[in-house]
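One structure is given here, and the rest of the page talks about it.
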Amino acid sequence: MKIRKVEKDKKQYLDLLLLADEQEDMIDRYLERGTMYVLEDNGLKTECVVTDEGNGILELKNIAVEPAFQSKGYGKALIDFLIQTYKGHYAVLQVGTGDSPSTIPFYESCGFRRHHLVKNFFTDHYDHPIYECGVKLVDMVYLQRQL
Ligand SMILES: CC(C)(COP(=O)(O)OP(=O)(O)OC[C@H]1O[C@@H](n2cnc3c(N)ncnc32)[C@H](O)[C@@H]1OP(=O)(O)O)[C@@H](O)C(=O)NCCC(=O)NCCS
């Protein structure tokens with residue numbers, strides 16, 4: 001298993017980016033200023049993008065695992081890599097997500113805890129309704145864990 005930083009042409013991973021964030025102009029808000037990593041293990045398995053939000057906060061903006069390889073530990077492996085890489089450099093790793101049963105339990109099992117909500121984020125910023133597991137996403141749920 002190898003994890004490497006992607007320095008250029010981050011849009012080559014657009015299919016994976018869109019799995020986690022289905023509107024491309026929302027991805028454009030953070031992709032270039034973010035730091036992207038990919039995990040390869042006999043081919044591409046996972047990508048993530050993190051940004052410096054100031055005040056010691058590192059934010060995970062996007063994480064996605066190839067659909068055929070989900071639930072095999074790759075997502076958690078990339079989170080563990082971020083923790084090891086940024087421990088001591090930032091105080092907190094933060095992630096914002098919809099209130100969905102397909103993502104919140106994953107983050108909780110990686111040590112994140114609910115921190116705050118941004119009301120109506122999905123309905124205000126996306127040009128179409130976003131559904132996950134049949135649930136319409138409305139508020140952004142922020143979870144944090146110490147680094
Ligand atoms: C969410 C995602 C990144 C998780 O990565 P993954 O490789 O499938 O998850 P892992 O196999 O590393 O799971 C790690 C832990 O989370 C738990 N977990 C993962 N998804 C879960 C779910 N839907 N419900 C309950 N637990 C879950 C696993 O059981 C595992 O727990 P354990 O360590 O106690 O065994 C991945 O499924 C994905 O890419 N989903 C689509 C894109 C997406 O929704 N991205 C997030 C946008 S905010």
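Start at 1 and go down the list; that is how both ligands and their atoms are numbered.
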Legend entry - Heavy atoms from other residues, nucleotides or ligands near CG of Asp127 exceed 12 (cutoff 6.0 Å): yes

Inset, instruction - Output the list of atoms in ligand 1 that are nearer than 4.0 Å to some heavy atom of Tyr74, sorted by atom number. - result: 7 (O), 12 (O)

Inset, instruction - Identify, by atom number and element, the atoms of ligand 1 in contact range of Tyr107, meaning under 4.0 Å from any of its heavy atoms. - result: 46 (C), 48 (S)

Inset, instruction - Find out whether Tyr107 and Leu93 are in side-chain contact, i.e. whether some heavy atom of one side chain is under 4.5 Å from a heavy atom of the other. - result: no

Inset, instruction - Please report which non-hydrogen protein atom sits nearest to atom 45 (N) of ligand 1, along with the residue it belongs to and the distance in Å to one decimal place. - result: Ile63 O, 2.8 Å

Legend entry - Which residue and heavy atom of the protein sit nearest atom 19 (C) of ligand 1, plus the separation: Phe106 CB, 3.7 Å

Inset, instruction - Number the atoms of ligand 1 from 1 as they appear, then name those within less than 4.0 Å of a heavy atom of Leu19, with their elements. - result: 42 (C)

Inset, instruction - Under the salt bridge (charged side-chain N to carboxylate O under 4.0 Å, His left out) rule, what do Glu47 and Lys10 come out as? Steps first, then yes or no, please. - result: CA-CA 10 Å; Glu47 64 67 38; Lys10 296 173 185 170; over 6 Å; no

Legend entry - Under 4.0 Å to a heavy atom of Thr97 - the qualifying atoms of ligand 1, by number: 48 (S)

Legend entry - Distance from atom 11 (O) of ligand 1 to nearest protein heavy atom, with residue and atom: Gly73 N, 2.7 Å

Legend entry - Heavy-atom nearest neighbour in the protein, as seen from atom 26 (N) of ligand 1, with distance rounded to 0.1 Å: Pro105 CB, 3.7 Å

Legend entry - Residue portion contacting ligand 1 (non-hydrogen atoms closer than 4.0 Å) for Glu132: neither

Legend entry - Which residue and heavy atom of the protein sit nearest atom 32 (P) of ligand 1, plus the separation: Lys76 NZ, 4.2 Å

Inset, instruction - Look at atom 40 (N) of ligand 1 and say which protein heavy atom is nearest, naming residue and atom and giving the distance to 0.1 Å. - result: Gln70 NE2, 3.5 Å

Legend entry - ligand 1 contacted by Pro67 (non-hydrogen, < 4.0 Å): no

Inset, instruction - Return yes when Phe69 approaches ligand 1 closer than 4.0 angstrom through a heavy atom, no otherwise. - result: no

Legend entry - Candidate pair Leu31 and Tyr13, rule side-chain contact (heavy atoms from CB on, under 4.5 Å), full reasoning: CA-CA 11 Å; Leu31 189 58; Tyr13 301 110; over 6 Å; no

Legend entry - Lys72-ligand 1 polar pair, N/O distance under 3.5 Å: yes

Inset, instruction - Verify the neighbour count for atom CG of Asn55: are there more than 12 heavy atoms of other residues, nucleotides or ligands below 6.0 Å? - result: no

Inset, instruction - Would you mind checking which non-hydrogen protein atom is closest to atom 30 (C) of ligand 1, with the distance to 0.1 Å? - result: Ser109 OG, 3.9 Å

Inset, instruction - Nearest heavy atom to atom 23 (N) of ligand 1 wins, so pick from Ser100, Cys133, Ser71, Pro101. - result: Pro101

Legend entry - With Leu44, the side chain to side chain contact (heavy atoms under 4.5 Å, CB included) member among Asp15, Val38, Leu39: Val38

Inset, instruction - Report yes if the distance between the aromatic ring centroids of His115 and Tyr142 is under 6.0 Å, otherwise no. - result: no

Legend entry - Crowding at NZ, Lys11 (>12 non-hydrogen neighbours, <6.0 Å): yes

Inset, instruction - Look at the aromatic rings of Tyr74 and Phe69 and report parallel, tilted or perpendicular, splitting at 30° and 60°. - result: perpendicular

Legend entry - Spacing of Asp139 atom CG and Phe121 atom CZ [to the nearest 0.5 Å]: 11.0 Å

Legend entry - Glu22-His128 side chain donor-acceptor pair, cut-off 3.5 Å: yes

Legend entry - Option with minimal heavy-atom separation from atom 36 (C) of ligand 1, where the choices are Val65, Val141, Thr103: Val65

Inset, instruction - Would you check, one step at a time, whether the test salt bridge (charged side-chain N to carboxylate O under 4.0 Å, His left out) holds for Glu53 with Arg33? - result: CA-CA 11 Å; Glu53 296 297 308; Arg33 72 183 175 94; 3.3 Å; yes

Legend entry - Heavy atom of protein closer than 4.0 angstrom to atom 42 (C) of ligand 1: yes

Inset, instruction - Give the residue, atom name and distance (to 0.1 Å) of the protein heavy atom nearest atom 7 (O) of ligand 1. - result: Gly75 N, 2.8 Å

Inset, instruction - Output the list of atoms in ligand 1 that are nearer than 4.0 Å to some heavy atom of Ser102, sorted by atom number. - result: 23 (N)

